[in-house]
Amino acid sequence: MTRGRDGGAGAPPARQRALLAAIVAAIVAVSAAIYVGVAADDGTTYRNALAGGRGERPGPAAPASTGTWVASWATSPVGGEPGTELAGLAGRSVRNVVHTSAGGTAARVTLSNLYGQSALTITHASIAVSASPGTAAALARTMRQLTFTGSPTVVVPAGGQVISDVVRITVPHDGDVLVTTYSPTPSGPVTYHPHARQISYVAEGEHTRDTTGAAYTGQSTFWRYLTALDVLSNESDGTVVVLGDSLTDGITSTTSANNRWPDVLSDRLRAALAAGRDVPRHSVVNEGISGNQVLADGLGRPAENPSGLNRFDRDVLGRTNVKAVVVVLGINDILRHPGTADPDRILAGLTTLVERAHARGLKVVGATLMPFGGHRGYTDAREAVRQRINEEIRAGHVFDAVADFDKALRDPYDPRRFRADYDSGDHLHPSDKGYTRMAETFDLDTLKGSAPARL
């Protein structure tokens, strides 16, 4: 049967080929409209990609690049900032300075109102690369507006957090990035991390897109609202999270020098890769909280300074593309216990962390507890608890691999104390040289692989 002139079964072969070509061209055009995104400044065409798998919508300048989403920087929200309970930081621009681990071609940030008692309204936010260390000024060509599901304004509910849209920006590794927020309305208290060991900045009024830094006359040693910076990276395949206390937070390291031991570990991994070593291509992020314990929470609701057990999901499993965990906890469980701490309870807590990591296929490297002889909290009974815990860790009864920080930093003539040049002076926290020593003695090969198979 012959059909009409609409290109049916009876149409001549030439017409069929022409029709087929037209259909293919239409499909290609529709595909291009769906997938081709914004062209880069250098003419490169990017595709909108939600490579992170966390459900974010691409922003107006969302990249299309290939790569892997990793955490380049992160910190733990610790509590509500004193003095901000009623008004928060209304009418001020908060410019957080953070130091990256991995570089990338796109970025997104996480903002937290975990400890806020009312909704936080942010009407302006931006990200840029710092013009130089120790300044609020940005490289003008890198300044980008941040949006949230396409809008410059976002309301973060009390106890909640938000993730920004993806924005195209070249983020350097081992560099400083500025993330700025502005809220016009009262909201408090401010969710913060108090021991940043980094100078950040504050300006009166809305100056989120200011590149000169001139308006930022206020300084702060806190990180406020910001808890993570993720990047789309071609140099990293995953993230290492260091879960620790003040020894990881770097409380006695030089401010703005980025000499916390995880910073140095990140540098070592990058240098080893550049030298051709077969080590993991991982970023390193610091989830240390000063005073943190394995077992006990701080006060408040939600608890300030939550225990390692209670924050593990948030600060480890909640980070992007985690491949391995390093646990440096336990000393505060000994020092802050009113009597003699129970080593078996502490070891059980550490073992629980390992089990939860293994359930997600993550390898766990654990550190021995470093000496604190000479510290005001030292007693022979507490030292005995430390030694017992270290024996179990070294014997391989707790972690998949061990970083023996105790052996690396202790005084060979008095193992209850730090070696003098590794001691900050308080006999509990390392000096800059001590922090560097911790990272230098960390075996990079222990980060290879995943959780051991279950029998």
Side-chain angles (χ1 to χ4, degrees), residues 52 54 56-63 71-75 77 81 84 88-98 100 104 106-116 118-131 136-158 160-171 176-188 190-193 196 198 200-213 215-216 218 220 222-232 320:
R54 292 168 63 182
E56 302 83 345
R57 299 182 187 178
S72 183
W73 171 90
T75 196
E81 182 181 343
T84 65
L89 291 168
R92 279 171 277 185
S93 297
V94 176
R95 178 156 287 182
N96 290 290
V97 180
V98 301
T100 63
R108 63 191 178 203
V109 305
T110 302
L111 303 176
S112 175
N113 190 27
L114 177 61
Y115 292 97
S118 57
L120 168 67
T121 299
I122 293 173
T123 57
H124 300 77
S126 69
I127 184 171
V129 177
S130 175
L139 294 175
R141 67 181 182 277
T142 69
M143 179 61 71
R144 303 286 189 274
Q145 179 186 42
L146 288 172
T147 59
F148 304 85
T149 61
S151 172
T153 297
V154 65
V155 178
V156 191
Q161 68 175 25
V162 295
I163 301 172
S164 75
D165 297 328
V166 174
V167 63
R168 187 174 79 258
I169 180 175
T170 300
V171 174
D176 288 347
V177 168
L178 312 177
V179 178
T180 311
T181 58
Y182 173 77
S183 177
T185 56
S187 172
V190 172
T191 297
Y192 82 136
H193 185 98
Q198 173 69 58
S200 291
Y201 301 92
V202 180
E204 295 292 335
E206 197 284 293
H207 297 282
T208 55
R209 302 291 292 275
D210 173 26
T211 60
T212 68
Y216 288 88
S220 166
F222 305 154
W223 285 312
R224 291 158 161 152
Y225 303 128
L226 181 68
T227 57
L229 167 65
D230 294 342
V231 297
L232 184 61
T320 297

Would you please test Asp165 and Leu146 for side chain to side chain contact (heavy atoms under 4.5 Å, CB included) and show each step?
CA-CA 7 Å; Asp165 297 328; Leu146 288 172; over 6 Å; no
Ignoring hydrogens and angles, tell me if any N or O in the side chain of Thr142 forms a donor-acceptor pair with the backbone of Val129 under 3.5 Å.
yes
Correct closest heavy-atom pair for Gly116 and Ala158 would be O-CB, 3.3 Å
Heavy-atom donor-acceptor pair, Thr211 side chain to Leu139 backbone, under 3.5 Å
no
Answer whether the closest heavy-atom distance between the side chains of Tyr201 and Thr180 falls below 4.5 Å.
no
Who passes ring-ring contact (aromatic ring centres under 6.0 Å, His included) against His207, sequence neighbours left out?
none
Residues at least two apart in sequence or cross-chain that pass side chain to side chain donor-acceptor pair (under 3.5 Å) with Thr208, listed by chain then number, are Glu206
What are the two closest non-hydrogen atoms of Ala119 and Ser187, and how far apart are they?
O-OG, 3.0 Å
Hey, is the main chain of Ser130 close enough, under 3.5 Å, to the side chain of Asp176 for a donor-acceptor pair?
no
Taking side chain as C-beta onward, heavy atoms only, is Val202 less than 4.5 Å from Leu89?
no
Please name the pair of heavy atoms, one in Pro77 and one in Leu114, separated by the smallest distance, quoted to 0.1 Å.
CG-CD2, 4.0 Å
Thr185: partners by side chain to side chain donor-acceptor pair (under 3.5 Å), with sequence neighbours left out
none
Would you confirm whether Ser183, through its side chain, and Ala90, through its main-chain N or O, come within 3.5 Å as a donor-acceptor pair?
no
Provide the closest heavy-atom pair for Leu178 versus Ala137 in the form atom of the first, atom of the second, distance.
CD1-O, 3.5 Å
So Val166 and Leu232, side chain to side chain contact (heavy atoms under 4.5 Å, CB included) or not? Walk me through it.
CA-CA 9 Å; Val166 174; Leu232 184 61; over 6 Å; no
Donor-acceptor pair, Asn113 side chain versus Gly160 backbone, under 3.5 Å?
no
Output the distance between atom CD1 (Ile163) and atom OG1 (Thr320), rounded to the nearest 0.5 Å.
7.0 Å
Tell me every residue that passes side chain to side chain contact (heavy atoms under 4.5 Å, CB included) with Thr100, counting only those two or more places apart in sequence or in another chain.
Ser72, Val171, Val177, Leu229
For Gln145 against Pro152, the heavy-atom pair lying closest together
NE2-CB, 3.5 Å
Of all residues at least two apart in sequence or in a different chain, which pass the ring-ring contact (aromatic ring centres under 6.0 Å, His included) check with Trp223?
Trp73, His193
If you measure from CZ on Arg95 to OG on Ser220, what distance do you get to the nearest 0.5 Å?
14.0 Å
Between the side chain of Arg144 and the main-chain N/O of Arg168, is any donor-acceptor distance below 3.5 Å?
yes
By side chain to side chain contact (heavy atoms under 4.5 Å, CB included), Thr181 pairs with (sequence neighbours left out) Val94, Leu111, Ile122, Ala125, Tyr225
Which heavy atom of Ser164 sits nearest to which heavy atom of Arg108, and what is that distance?
OG-CA, 3.5 Å
Under the side chain to side chain contact (heavy atoms under 4.5 Å, CB included) test, which residues partner Glu81, sequence neighbours left out?
Thr84, Val190, Tyr192, Phe222, Arg224
Thr123: which residues meet the side chain to side chain contact (heavy atoms under 4.5 Å, CB included) condition with it, sequence neighbours left out?
Thr121, Thr153, Tyr182, Pro184
